[in-house]
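Please read the structure below before turning to the comments.
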Amino acid sequence: MRIDNQKIKQLNDQALPDHRESFDHLSKVLNKKNIDVNRAVEKLKEFQVAIPSWALGTGGTRFGRFSGGGEPRSLEEKIGDVGLLHQLSQSAGAISLHIPWDIPEDVEAIKSLAASHNLLFDAVNSNTFQDQPDQELSYKFGSLCHVDKAVRQQAIDHNLEVIKYGDALGSKSLTVWLADGSSFPGQLNFKKAFQRTLDSLQQIYAGMPSDWKMFVEYKPYEPNFYSTVIQDWGSSHMLADKLGDRAYSLVDLGHHLPNTNIEQIVATLMMVGKLGGFHFNDSKYGDDDVTVGSLKPYQLFLIFNELVDGMEDPSSNNPYPAWMIDASHNLKDPLEDLLQSLEAIRVAYAQALLVDRKALEEARENNDPTLAQEILQGAYRTDVRPLLAEARLQAEGALDPVAAFRALNVRKELIAARGEKTVSTGL
Ligand code: AOS
Ligand code: ZN
Ligand code: ZN
Ligand code: ZN
């Protein structure tokens, strides 16, 4: 399904007078502060966030799952859904696949379908946290860290196969997230598990094409409840460092214990050029995977403040990070939820672009925390939504994506095409 561009334009035309008024007002305010509004709009137009294939259906918990209607039933339909998000928001220009949930049967057809929606293939994800029906050995007691060499080899081979699929589609990176760990004290030898994981990752790293990157994700607990082999950014960084120049840490916002200073982790990793990827979501307790910006928008802004600082630092050798939303939706329409997440990410990014970095640095040099706070909160409390809307308007997206999604009855049409009882693959 594709939305008729003419219909988006009609909705935009209705909302245009109000948009012009608020954009002109904001432009005047920002111009007075010597902020280049056009530059901010251009930066927003460039900023694209990948959508994971598993976020397009209704998520669930171990207590149950309440499916919505019209969920994508195939890789083609998942690409179609990301196409809709991109058409409305002009900011979801990539899809991240998960193997074996998304095995492309006809690679050329999948490539041209994605291209017809202006989508790129972002990092591919391997899956050694579940047993597949035809799988010989079990991952019940781990995968890349397993005590049995044969299980490790199976997990290595799986990752190499994922790389092959990704390479055929034009992906340039592999994200490795491991559920490996232990649920009971004494169960696992921490040191041996870590060393076996490093050894396995080295073999996968060696199998990547020379222009590929590896992103090593960390997580303190879940599904294992006592220890996780790659529990934190330090462990992830140790691995990335030992693996080589093309291995990086990946920060998932939900993978920290409560109150962790994530912005400091971001700054530190970028300082050493090792922040490769990012998974956006929001968290109150753990890996809640709720809508980005729904709980802690100020924290998100502080994180973006460091990200922008790292990206604009001429002395930094950190690569441009791979952005992805990693979320799950139990109650909301997944597409509406993703549109809200995209908006929240871009709001935080735009606010961070408004920070007067020179003045902030001066305040720091002068030991003036009051002024530093004034500068940060001045940017944070600016309503930047007209900048986002302007960027979308210029790119022929919708001024208000969620309103357009509803006004154009997108979900109703998806249900008509796919049915009321649909279950998408994923978590
Ligand atoms: C798991 O908690 C991680 O966030 C992964 O990045 C991701 O959610 C998983 O690979 C999806 O199955
Ligand atoms: Zn993640
Ligand atoms: Zn998460
Ligand atoms: Zn997670």
Side-chain angles (χ1 to χ4, degrees), residues 49-62 65 72 75 78 94-103 122-132 139 142-144 155 158-159 162-163 165-166 171 173-181 204 213-225 227-233 235-236 239 248-258 260 262 265-266 269 275-292 295 303 321-330 334 337-338 341 345 423-427:
V49 181
I51 305 295
S53 73
W54 61 94
L56 301 162
T58 317
T61 69
R62 69 188 196 273
R65 169 168 163 147
L75 177 53
K78 290 176 185 179
I95 180 167
S96 188
L97 303 190
H98 213 296
I99 305 293
W101 297 336
D102 303 312
I103 292 193
D122 198 69
V124 277
N125 301 265
S126 56
N127 181 343
T128 60
F129 50 87
Q130 292 175 318
D131 285 346
Q132 304 303 327
Y139 295 132
S143 59
L144 296 184
H158 165 69
N159 274 276
V162 171
I163 293 168
Y165 283 120
S171 284
S173 50
L174 170 74
T175 296
V176 180
W177 169 67
L178 300 175
D180 293 20
I204 298 166
K213 294 179 189 150
M214 183 190 283
F215 303 140
V216 181
E217 192 169 354
Y218 58 90
K219 179 168 177 171
Y221 72 95
E222 196 202 21
N224 275 295
F225 287 110
S227 76
T228 295
V229 177
I230 312 176
Q231 61 161 335
D232 57 11
W233 73 274
S235 316
S236 159
L239 292 167
Y248 301 88
S249 293
L250 182 147
V251 173
D252 180 312
L253 292 182
H255 292 192
H256 304 87
L257 297 173
T260 299
I262 304 174
I265 295 174
V266 165
L269 284 172
L275 178 70
F278 222 90
H279 284 178
F280 293 107
N281 46 58
D282 213 340
S283 150
K284 187 162 178 66
Y285 303 104
D287 195 17
D288 309 348
D289 279 349
V290 290
T291 322
V292 183
L295 293 160
I303 290 167
W323 314 113
M324 189 186 92
I325 294 172
D326 193 1
S328 173
H329 340 271
N330 299 326
D337 185 271
L338 287 162
S341 282
I345 293 167
V423 178
S424 184
T425 41
L427 286 181

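Order of appearance sets the numbers: ligands from 1, and atoms from 1 within every ligand.
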Atom of Asp287 nearest the Zn ion (ligand 4) (restricted to N/O/S, atom name only)
OD2

Under the salt bridge (charged side-chain N to carboxylate O under 4.0 Å, His left out) test, residues paired with Asp337 that sit two or more places apart
Lys332

Starting from the Zn ion (ligand 2), look over the N/O/S atoms of Glu217 and name the nearest one.
OE2

Non-hydrogen atom of Glu222 closer than 4.0 Å to ligand 1
no

Strictly by modelled atom types, are Asp326 and Trp54 linked by a side-chain donor-acceptor pair under 3.5 Å?
yes

Counting each atom of ligand 1 from 1 as listed, which ones have a heavy atom of Asp252 under 4.0 Å away?
4 (O)

Would you mind running through ligand 1 and noting each atom that sits below 4.0 Å from a heavy atom of Phe129?
12 (O)

Do Asn281 and Asp288 have side-chain atoms, one donor and one acceptor, less than 3.5 Å apart?
no

Please name the pair of heavy atoms, one in Gln130 and one in Tyr139, separated by the smallest distance, quoted to 0.1 Å.
O-CD1, 3.5 Å

Shortest non-hydrogen pair, Thr128 vs Asn159, comes out as CG2-ND2, 4.1 Å

Has Ser341 got a side-chain atom pairing as donor or acceptor with Val292's backbone, closer than 3.5 angstrom?
yes

Any N or O of Trp177 that comes nearer than 3.5 Å to an N or O of ligand 1?
no

Starting from the Zn ion (ligand 2), look over the N/O/S atoms of Asp252 and name the nearest one.
OD2

Mark up the atoms of ligand 1 that fall under 4.0 Å of a heavy atom belonging to His279, in ascending order.
6 (O)

If you measure from each heavy atom of Asn125 to ligand 1, is any distance below 4.0 Å?
no

Regarding Ser96 and Asn125, is there a side-chain donor-to-acceptor distance under 3.5 Å anywhere?
yes

Of all N, O or S atoms in Asp326, the one closest to the Zn ion (ligand 2) is OD2

Proximal heteroatom of His279 relative to the Zn ion (ligand 2) (N/O/S)
ND1

Option nearest atom 2 (O) of ligand 1 (shortest heavy-atom distance, choices Lys219, Gln130, Glu217, Met324)
Lys219

Of Trp233, Tyr218, Tyr285, which meets ring-ring contact (aromatic ring centres under 6.0 Å, His included) against His256?
Tyr218

Distance-only, no hydrogens or angles: does the Thr58 side chain make a donor-acceptor pair with backbone N or O of Asn330 under 3.5 Å?
no

Atoms in ligand 1 with a heavy atom of His255 nearer than 4.0 Å:
1 (C), 2 (O), 3 (C), 4 (O)

What about His98 and Tyr165, are their ring centers closer than 6.0 Å?
no

Closer than 2.8 Å to the Zn ion (ligand 4): does that hold for any N, O or S atom in His255?
yes

If we number the atoms of ligand 1 from 1 as shown, the ones under 4.0 Å from a heavy atom of Asp287 are 2 (O)

Is it the side chain (CB and beyond), the backbone, both or neither of Trp101 that lies under 4.0 Å from ligand 1, heavy atoms counted?
side chain

